[in-house]
Undergrad: 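Structure provided below as structure tokens; questions to follow.
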2 protein chains.
Amino acid sequence: MIRKPTSKEAARKPNMREAILAAAEELFATNGFNAVSVRDIALAAGANPGSVTYHFKTKDGLLLEIYRRHCGPMNLRRSELLAAAKRVRDLQDRLEAIVRAYVVPAFTSGSDLAGGGARFTRLRAVMSAEGNEVARKIIAQTFDDTSHAFIDAVHESLPHIPRTDIVWRSHFLLGALYYSLVTPERVSRLSRGEADGSDAAAAIEQLVQAIVAAFQAPALDQAAPARRRPVVGSKA
Amino acid sequence: MIRKPTSKEAARKPNMREAILAAAEELFATNGFNAVSVRDIALAAGANPGSVTYHFKTKDGLLLEIYRRHCGPMNLRRSELLAAAKRVRDLQDRLEAIVRAYVVPAFTSGSDLAGGGARFTRLRAVMSAEGNEVARKIIAQTFDDTSHAFIDAVHESLPHIPRTDIVWRSHFLLGALYYSLVTPERVSRLSRGEADGSDAAAAIEQLVQAIVAAFQAPALDQAAPARRRPVVGSKA
DNA sequence: ATGTGATTTGTACTATCGTACAAAAGATCA
DNA sequence: TGATCTTTTGTACGATAGTACAAATCACAT
């Protein structure tokens, strides 16, 4: 194995750079980019403000590094799961597997720390809401491939639905996913304690169940305001 | 008599207070609370920074007034539409009407300005993502009644679905709704120009269609783990 | 032990933040 | 018109922002 990080002083900060990254990730994800100062981050990481400048040059650079750290692994995981999902024979099962391949890494990726994937996804949600420029650029060029692959896969298993509808519905999926991570306490509150909004496993199951049904909704033909029959009973 | 609106200087600001509110709403909704300075708002409104202090005392007070201005009308509109929806006989139609009663005011409320409702809803989305304290308090005490009424109405038209599931799905609805207003350009981009993410009417129809189907999805009985193999793995 | 490069610290600089407040300007009515 | 109240302007103050940079400290090969 690699014995680089070993040191005589074990109980100390083994890697200040990592501590700063983790603190920044947490603070940005819960308070937004602009509400958090470099000094806040340094304080939370037990570091000196100057260290942040040393390791990441600017505050934007720090955010950039957070994205660089997570995007690769998460998209890799997604494409692995997507490839596996596409091999599922049963059409209904395949659609569910595809949705799961998109949702699960958003909650559980992130190498070491517990809830690492969820924290990064929440960060993306908040940056997206704030219209953060750094994030906007990275997301468009890093996630669009993944999104297109996902949309195509869904479309293949639902060929009778126009691609436009699939795009809208996958957009809703991402919005629902984001919001679940941004305000989980609202779920607990509105359910009067019967559900726990921060239960990732529950959120995933609920999300997958709901979104699969949303994808399977009848196509929205823009010409006809005439009513259609619901397809509730189409369960295998 | 009434010589208020027109004076020798005709094309001037008739009501500076309103101009400031509108500018703040727009800027907050697109950039977040912390990224926008009082000076930015004053500049956009053609006012002096001191005027903002005069009319709203603090920056928080300005945000508060934006909420006060919109919450009443939007919730009133929602409860009117909800009452009408509950009178619909056909169960399927009723559910759709209920969802519509929730969604439509979020896009189209706001008395005068075009897109006023959508702008305020986007503002709420952004404030929620930023964890804004002022917004958090107002929302919990102003919207929870509406949300409960909505959830109850949905539950009545889908009695076989546990209330917990309804709560989750209505949470997804709000997340999808928010996200549609936050990043409409993503829809246009991913659909390669075939759809317009900023088309409010299209967004409403797509959202209603998808969410109605999501609500109608089979209940998630937490007792049945006997599905196929869980794809939730742990990567390192 | 010592020299060397990597890291951490402390501090300072400039810009901008929210807000206060006095003076100017405008409006209203006896 | 002049008195009074409302609104707008201009400016200033203390706090805090991001960042730069020299000095101090650390890790480690020699």
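Quantities reported herein were computed from a predicted structural model and do not represent experimental measurements. In what follows, chains are A, B, ... by sequence order, proteins preceding strands, each numbered from 1.
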Undergrad: Look at A/R100 together with A/E205 and state whether they make a salt bridge at an N to O cut-off of under 4.0 Å.
TA: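 Salt bridge present between A/R100 and A/E205.
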Undergrad: One thing to verify: whether A/E133 and A/R136 come together as a salt bridge, which I'm taking to mean a side-chain N less than 4.0 angstrom from a carboxylate O.
TA: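 A salt bridge links A/R136 with A/E133.
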Undergrad: Checking ring-ring contact (aromatic ring centres under 6.0 Å, His included) against A/F120, which of A/F107, A/Y178, A/Y67 comes through?
TA: A/Y67
Undergrad: Over how many whole Å does the gap from B/F56 atom CZ to D/dT8 atom C1' extend?
TA: 14 Å
Undergrad: Between P on D/dG18 and CG on A/L63, what's the gap in Å once rounded to a whole number?
TA: 13 Å
Undergrad: Would you mind reading off the bend of the helix from C/dA1-D/dT30 to C/dA30-D/dT1 from its two end axes, five pairs each, to 10 degrees?
TA: 10°
Undergrad: Given the rule in the side-chain contact (heavy atoms from CB on, under 4.5 Å) test, do A/M127 and A/V134 qualify, once you have shown the distances and angles that lead to the verdict?
TA: CA-CA 9 Å; A/M127 294 303 114; A/V134 177; over 6 Å; no
Undergrad: Name the residue from A/R122, A/R124, A/R119 that meets the salt bridge (Lys or Arg N to Asp or Glu O under 4.0 Å) definition with A/E25.
TA: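 Exactly one pass, corresponding to A/R119.
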Undergrad: Can you give one letter per nucleotide of nucleotides 4-17 of chain C, going 5' to 3': B for a protein heavy atom under 4.0 Å from the base, S for sugar-phosphate only, - for none?
TA: --SBBBB-B----B
Undergrad: Quickly work out the A/N31 CG to D/dA17 P distance and round it to whole Å.
TA: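 In whole Å, D/dA17 P and A/N31 CG are 13 Å from each other.
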Undergrad: Rounded to the nearest Å, what distance is computed from the CG atom of residue A/D60 to the C1' atom of nucleotide D/dT19?
TA: 12 Å
Undergrad: Are A/K57 and A/E65 close enough for a salt bridge, meaning some N to O gap below 4.0 Å?
TA: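 Salt bridge between A/K57 and A/E65, a charged N being under 4.0 Å from a carboxylate O: no.
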Undergrad: Assess the side chains of A/D144 and A/S147: does a donor N or O sit below 3.5 Å from an acceptor N or O?
TA: no
Undergrad: Partners of A/S191 by side-chain hydrogen bond (donor to acceptor under 3.5 Å, both in side chains), sequence neighbours excluded?
TA: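 Not a single residue meets the side-chain hydrogen bond (donor to acceptor under 3.5 Å, both in side chains) criterion with A/S191.
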